[in-house]
2 protein chains.
Amino acid sequence: MKKSEQKMQDILTFIEEYTKNSGYPPTYREISANVNLKSINSVKKYLDRLELSGYIKKSGFKSRSIDLVKQEIPTVNFPVVGRVAAGQPILAEQNIEDRLVISSSLIGNYDDSLLFALKVRGDSMIDAGINDGDLAIVHSQNTVENGEIAVAMVEDKATVKYFYKTKDKISLHPANALYKPIEGKNISVIGKVVAIIRKI
Amino acid sequence: MKKSEQKMQDILTFIEEYTKNSGYPPTYREISANVNLKSINSVKKYLDRLELSGYIKKSGFKSRSIDLVKQEIPTVNFPVVGRVAAGQPILAEQNIEDRLVISSSLIGNYDDSLLFALKVRGDSMIDAGINDGDLAIVHSQNTVENGEIAVAMVEDKATVKYFYKTKDKISLHPANALYKPIEGKNISVIGKVVAIIRKI
DNA sequence: ACAAAAATAGAACAAATGTTTGACTTTTAC
DNA sequence: GTAAAAGTCAAACATTTGTTCTATTTTTGT
């Protein structure tokens, strides 16, 4: 590696760290002081190269206007809801216990604002690999396809089950021989389980 | 709400958006032009208030030195490794297929740089709720406690199993009656499974 | 409605920051 | 090894940018 390429790398690293720590990018002089370059002009030349190479973007004559064109990992940000009370909207302020972030690629291509997480209670879905205490990532929707895992409200309580619908009724199937399917008209789907997360 | 409090809110929002879009914070004049304030001095007074209230931090006389004291959700960032080849270090460049981010709170209190993820192959751990295709988040370590779920190298292949050690041998137990435990001396633990993620 | 307090405006100022220039030194490529 | 290219340095410059000051207007609390 050329000596100057190493310096280019050093400068880029310094900009990244500085920006992360401060919340704003460094000045040319701050860079020069930290990468062992006594000339501000040298810094400018390196920054010009970094811009040409596509690592940063600058806006001429503006101070601290180094924009790192970083390849951030895309994420989704969603609330964890605690008890789901009937009547209330699920995402009401008082239901939200926490907020989490995960890579978008870990779930499907869903709208960020329609996602929420719910702690699974009980072992009724254990044969589907969903254990008591697992966190279910749920996409809010009023209907799901047959065979998909749904979150549904049954007698004012949220439950996670396989969803099946025939022409005359809806049934929720557990994945555990110890439990019986739930059937009835008074079942409303509130979402589809799109991912499961378990802390071990 | 007081009129000036609304303006304070507007300014904070503008700073957040500007910073997100540009990668660096706005100048006083840019703020003044965008929140309908013709005086730069007014902007300064608002920023002073915002700093007193703890919403931002400034460094006197520095340009664009508005640091948003945002309450970011803490995350960990780790690689997804593909095939695990024997001999090579697991985290070698060529093994890394992707990088993911998840909230720190979803795993234990582990060192960011020792985490990696591995796609689970087979159904040998299905009774532990770990299915074929699940993503195991693994903490690199050379030993685990009895009963914990480990990633171990067996005949040059990585496998996920319950770990048990007696005084004379190590055994790896599947969670599936169809499989038999693996025993032997030629077993090396490379990590402990700390979380499971499944995309449905 | 009124007085006090707060907010706004405009201008001038000083510090900082990016740019340019030219000479010198080191590195690179043959 | 040598010449060309690239990198470094220092200084001067122009622009941007935060700060300060004073007067005026608007808002607030009673």
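Both backbone and side-chain heavy atoms feed into the values below; hydrogens, waters and symmetry mates do not. Proteins get letters first, then strands, A, B, ... in listed order; numbering begins at 1 in each.
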- request: Go through the structure and list residues passing side-chain hydrogen bond (donor to acceptor under 3.5 Å, both in side chains) with Tyr28(B), not counting sequence neighbours.
  value: Lys58(B)
field: Listed partners of Asn146(A) passing side-chain hydrogen bond (donor to acceptor under 3.5 Å, both in side chains), at least two apart
entry: none
message: Once you measure the plane-to-plane angle for Tyr110(B) and His139(B), does it fall in the parallel (<30°), tilted (30-60°) or perpendicular (>60°) bin?
response: tilted
If the condition is side chain to side chain contact (heavy atoms under 4.5 Å, CB included), which residues does [X] pass it with, not counting sequence neighbours?
X	answer
Ala117(B)	Phe78(B), Val80(B), Leu135(B), Ile137(B)
Thr143(A)	none
Ile15(A)	Ile11(A), Thr19(A), Pro26(A), Ile31(A), Leu47(A), Ile66(A), Leu68(A)
Glu183(B)	Lys169(B), Ser171(B)

Nearest-Å distance for atom pair [atom1]/[atom2], residues [X] and [N]:
X	N	atom1	atom2	result
Ile11(B)	dT8(C)	CD1	C1'	12 Å
Leu47(B)	dT8(C)	CG	C1'	15 Å
Lys7(A)	dA6(D)	NZ	P	18 Å
Lys45(A)	dA5(D)	NZ	P	14 Å
Tyr24(B)	dT17(C)	OH	P	15 Å

- request: Please give the angle, rounded to 10 degrees, between the axes at the start and the end of the helix from dA1(C)-dT30(D) to dC30(C)-dG1(D), where five pairs define each axis.
  value: 70°
- prompt: Which nucleotides of nucleotides 13-20 of chain D have their base under 4.0 Å from a protein heavy atom (B), which only their sugar-phosphate (S), and which neither (-), written as one string 5' to 3'?
  reply: --SSBBBB
Ignoring hydrogens and angles, write down the donor-acceptor pairs under 3.5 Å from the side chains of residues 123-130 of chain B, residues two or more places apart or on other chains.
unit_1	atom_1	unit_2	atom_2	d
Asp123(B)	OD1	Tyr179(B)	OH	2.6
Ser124(B)	OG	Lys161(B)	NZ	3.0

- prompt: Does any pair with a residue in residues 98-107 of chain A pass side-chain hydrogen bond (donor to acceptor under 3.5 Å, both in side chains), and if so which ones, sequence neighbours excluded?
  reply: Asn77(A)-Arg99(A)
field: salt bridge (Lys or Arg N to Asp or Glu O under 4.0 Å): pairs with one or both residues in residues 108-120 of chain A, sequence neighbours excluded
entry: none
query: Regarding Gln6(A) and Asp10(A), is there a side-chain donor-to-acceptor distance under 3.5 Å anywhere?
result: yes
task: Within residues 31-39 of chain B, find the residues that approach DNA chain D with a heavy atom at under 4.0 Å, and present them sorted by residue number.
output: none
